[in-house]
Undergrad: 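First the structure, then my questions, so here it is.
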Amino acid sequence: MEHFKLGERALSHGVRLEIYDEIDSTNDEAKRRAEAGDAGPLWIVAARQTKGRGRLGRRWSSLDGNLHASLLISDFGPAALAPQLGFVAGLATIGALIEATGATERLALKWPNDVLLDGEKLAGVLLEGAQPPWPGAPFGCVIGIGVNCVAAPHDLATRASDLSRLGGPRRDAGAIFASLSNKMEETLALWAGGSGFPALRERWLSHAAGLGGEIEAQLARETISGVFETIDADGRLIVSTRNGRRAIEAGDIFLPALAAARPDPERRQ
Ligand code: BTN
């Protein structure tokens, strides 16, 4: 198994780490800890997940050598701002990946919080609420992050990539995790319970894939097309369509320009 340890910054902030050879889902374990009264900050990392979960009820293939990690936190700020933590996580993840690989130009963020390598999915974030066991206790949040370090799953509706495509030295899950644990502390400090979201949003946009280009957004009941203008002050995706501006809170986006640059147009990112 990889050797997992926290980075210096995380250690100095009193963050704890628990490591498993195998678990159902690191998000599920973090939620169980919250239900048992743990307020975090606590990282749960597992070499294998038997029931890894992705966004929108999807499965997340947890291949050996990839990173599966979840952070439980509770004292982050107003519960209503918890959805912004997805952007914190996306930015921390791309920060860790840039630090580990130096491949700044090949890495990008895809709304809401995927990390892409050459336009293909490299990492994903699953943000979930966690229930404390007693009334009045601060709301908990679990930030689950999966990074394809050594292998890309082929059973996704998305095209996926992994860090081995970069060539060069092997970037193992342990090294990525140590950096991620630090970047998460840095990015949480920048976010500052929500007051730093404007600055965080600017940073997020500086890494955004497809900004200013054509985009297709699959929502629960419709698909809309238009130009990806920006994300707004609440993190919603702003698309200008023929019928006006739309602000999108949840859904999947498809970036035709990235697909056109790839050989296999059948599969969607
Ligand atoms: C997505 O892009 O759909 C989100 C994927 C999140 C996967 C990670 S792996 C660690 C944590 N545990 C889970 O069951 N899911 C997240």
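Residue indices begin at 1 and follow the sequence shown. Because the structure is predicted, anything quoted here is derived from the model rather than measured. Numbering of ligands and ligand atoms starts at 1, following listing order.
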Undergrad: Less than 3.5 Å apart, any donor N or O on the side chain of E185 or H13 sitting next to an acceptor on the other?
TA: yes
Undergrad: With a 4.0 angstrom cut-off on heavy atoms, strictly below it, pick out the residues next to ligand 1 and order them by chain and number.
TA: S25, T26, N27, Q49, G52, R53, G54, R55, W60, H68, A69, S70, D114, K121, G124, V125, L126, G144, I145, G146
Undergrad: Is it the case that E214 and S225 place a side-chain donor and acceptor less than 3.5 Å from each other?
TA: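 Absent: no donor and acceptor within the cut-off.
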Undergrad: Holding to side chain to side chain donor-acceptor pair (under 3.5 Å), I want the full list of residues that pass it with R16, two or more places apart in sequence or in another chain.
TA: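 Once residues adjacent in sequence are excluded, the partners of R16 under the side chain to side chain donor-acceptor pair (under 3.5 Å) criterion are D38.
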Undergrad: Not counting sequence neighbours, which residues clear side chain to side chain donor-acceptor pair (under 3.5 Å) with S181? List them please.
TA: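 Side chain to side chain donor-acceptor pair (under 3.5 Å) list for S181, sorted by chain: empty.
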Undergrad: Sort and list the pairs that fulfil ring-ring contact (aromatic ring centres under 6.0 Å, His included) and have at least one residue in residues 169-191, not counting sequence neighbours.
TA: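 The answer is W43-F177.
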Undergrad: Between N243 and T241, do the side chains contain an N or O donor and an N or O acceptor separated by less than 3.5 Å?
TA: no
